[in-house]
Number of protein chains: 2
Amino acid sequence: MTLSDSRSTTPDTRDRILDAAEALFVEHGLEATSMRMITGRAAANLAAVNYHFGSKDALIQAVFRRRLTELNRQRLAALDRIEAEASGAQIKPSQIVEAFFGTALALAADTEHGGSTFMRLLGRTYTEPNGFVRQFLAEEYAEVLERFLAALYGSLPGVPREEILWRFHFMMGAMSYAIAGTDALQLFAGTFDDADPQRLMPRLMSFLLGGLRAPLPTFVPTDERHGLDAA
Amino acid sequence: MTLSDSRSTTPDTRDRILDAAEALFVEHGLEATSMRMITGRAAANLAAVNYHFGSKDALIQAVFRRRLTELNRQRLAALDRIEAEASGAQIKPSQIVEAFFGTALALAADTEHGGSTFMRLLGRTYTEPNGFVRQFLAEEYAEVLERFLAALYGSLPGVPREEILWRFHFMMGAMSYAIAGTDALQLFAGTFDDADPQRLMPRLMSFLLGGLRAPLPTFVPTDERHGLDAA
DNA sequence: GTATGATTAAAACGATCGTTTTAATTGGAT
DNA sequence: ATCCAATTAAAACGATCGTTTTAATCATAC
């Protein structure tokens with residue numbers, strides 16, 4: 001065997017490196033995390049990363065792929081189940097939203113197996129400037145996005161697809177901030193006591209569905225202000 | 001004079017460095033942008049950054065402060081105007097949202113004076129892991145956030161403040177992705193033709209207000225699934 | 001026990017980083 | 001014209017980066 005037996009009682013060097021890198025990437029970012037920081041935290045030799053993964057870039061991909069493959073598999077499985085239960089009938093947008101974002105939030109709530117750590121990393125990586133990371137994420141997400149967007153199109157007939165695409169993008173942003181919330185919100189409001197992850201899910205879901213089902217914007221071609229009526 | 005006369009016909013070295021750094025920070029990120037890249041693009045000597053700003057960190061702060069001070073000044077002015085016109089009466093949440101996010105989007109639509117460039121940078125910096133950047137942004141935003149959150153609390157009586165705080169956070173995430181949308185969405189959906197910045201404003205506003213005014217989540221203390229009714 | 005392949009250890013590689021130092025050049029005021 | 005402060009230019013600093021090389025150690029099959 002060459003790589004990743006991965007079925008041993010104590011985590012081998014390869015897994016320790018992945019865990020250390022994941023945690024450090026969240027804490028300092030991809031670029032600011034050095035190989036020496038990673039191998040130091042993993043109690044491995046400096047050359048171990050290049051030996052097991054080939055390069056730092058390959059390690060970054062391995063860190064993301066390890067979690068992302070399983071997350072997207074769960075997402076597709078949830079969508080499959082919904083579509084099977086509907087058996088051709090109309091699917092509610094809330095079901096689709098919950099399948100996509102609920103699965104992610106469930107992983108983000110899993111603090112025992114490092115899922116929470118990874119989701120914080122993933123949330124801030126959607127806007128990562130690093131070119132190869134962006135392309136890698138795009139490829140990893142291609143199938144899932146295609147499936148879920150198609151499902152949303154079908155569940156919201158009459159709504160322009162561009163509008164759905166934008167709103168899905170907005171929902172991704174809200175989710176990203178929701179997951180990173182513990183980091184960012186404490187900077188905003190001094191004391192932010194209610195970071196109960198159990199409440200985060202319904203909070204985000206209400207917000208996302210409210211935004212998704214909001215009245216369509218009335219675009220005024222001139223520079224006249226748009227008229228959104230009150231709350 | 002010691003620094004920043006800043007009223008000359010041709011941009012001086014200091015301004016050229018700020019513009020170059022701003023553009024490079026968007027393209028490559030803060031850490032991945034080197035002093036040599038900055039001074040090279042600005043047609044300045046390598047030592048010019050340390051001479052005019054003192055350090056790279058100080059330059060980063062200068063890049064953000066230059067735009068952020070004016071943006072937040074406009075935001076507070078818009079809020080002042082709204083509260084003056086209301087003269088004690090109830091203010092609609094849509095007005096507050098538009099004052100905060102509309103001002104930002106207007107800056108993001110200003111491609112002539114680099115406002116668009118900066119807002120893309122700002123959006124991805126909210127989740128920046130770099131410690132000193134986060135603290136700097138928190139300080140720059142402290143007053144504005146306090147004012148706007150207080151205004152939202154007043155305009156949404158009966159809604160728990162924690163809920164408003166979270167939803168404001170979600171709105172920040174949606175706006176961040178909205179501004180970075182041109183970058184990120186083209187990775188998602190292959191051809192994404194409708195990036196008309198004129199339509200972005202009403203699109204985002206509808207979504208934000210829909211999310212802000214969504215029904216409050218019903219939190220179920222057990223692990224029972226939450227019941228959000230359909231679309 | 002010994003050979004063999006996988007892994008770890010230790011040291012060094014060239015490159016680039018942010019910063020500093022020293023010198024040259026500029027532009028006004030006297 | 002001359003001095004002086006501000007700015008620019010050029011070169012080097014030590015530190016750290018990702019990576020590679022070479023040697024030592026480990027585990028296992030024979």
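The chains referred to below are lettered A, B, ... by the order of the sequence lines, with proteins before strands, and numbering in each begins at 1.
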With [X] via side chain to side chain donor-acceptor pair (under 3.5 Å) - residues at least two apart:
X	answer
B/Glu83	B/Arg147
B/Arg41	none
A/Asp57	none
A/Glu22	A/Arg67

Rounded distance in Å - [atom1] ([X]) to [atom2] ([N]):
X	N	atom1	atom2	answer
A/His28	D/dC17	NE2	P	11 Å
B/Leu24	C/dC17	CG	P	12 Å
A/Asp15	C/dT7	CG	P	13 Å
B/Tyr51	D/dT7	OH	P	4 Å
A/Leu46	D/dT16	CG	C1'	12 Å
B/Arg14	D/dT8	CZ	C1'	16 Å
A/Glu31	D/dT16	CD	P	18 Å
B/Asp12	D/dA6	CG	C1'	12 Å

Please find out if less than 6.0 Å separates the ring center of [X] from that of [Y].
X	Y	answer
A/Phe148	A/Tyr153	no
A/Tyr177	B/Tyr177	no
B/Phe170	A/Phe170	no

With no hydrogens and no angle check, just 3.5 Å: does a side-chain donor-acceptor pair link B/Arg75 and B/Tyr141? yes
Counting side-chain heavy atoms from CB outward, which of C/dT8, D/dA9, C/dA11 is closest to B/Asn45? D/dA9
Measure from the side chain of A/Thr13, starting at C-beta and using heavy atoms only, and say which of C/dT21, D/dT21, C/dT8 lies closest. C/dT8
Can you say whether the rings of B/Phe168 and B/Phe100 are parallel (under 30°), tilted (30 to 60°) or perpendicular (over 60°)? perpendicular
Per nearest nucleotide of DNA chain D, the residue lying toward the 5' end, A/Gly54 or A/Ala32, is A/Ala32
Note: contacts of residues 55-64 of chain B with DNA chain C (heavy atom, under 4.0 Å) are B/Ser55, B/Lys56
Quick check on contacts: within residues 34-42 of chain A, what sits under 4.0 Å from DNA chain D by heavy-atom distance? A/Ser34, A/Met35, A/Arg36
A/His52 side chain near C/dA6 phosphate (N/O to OP1/OP2, under 4.0 Å): no
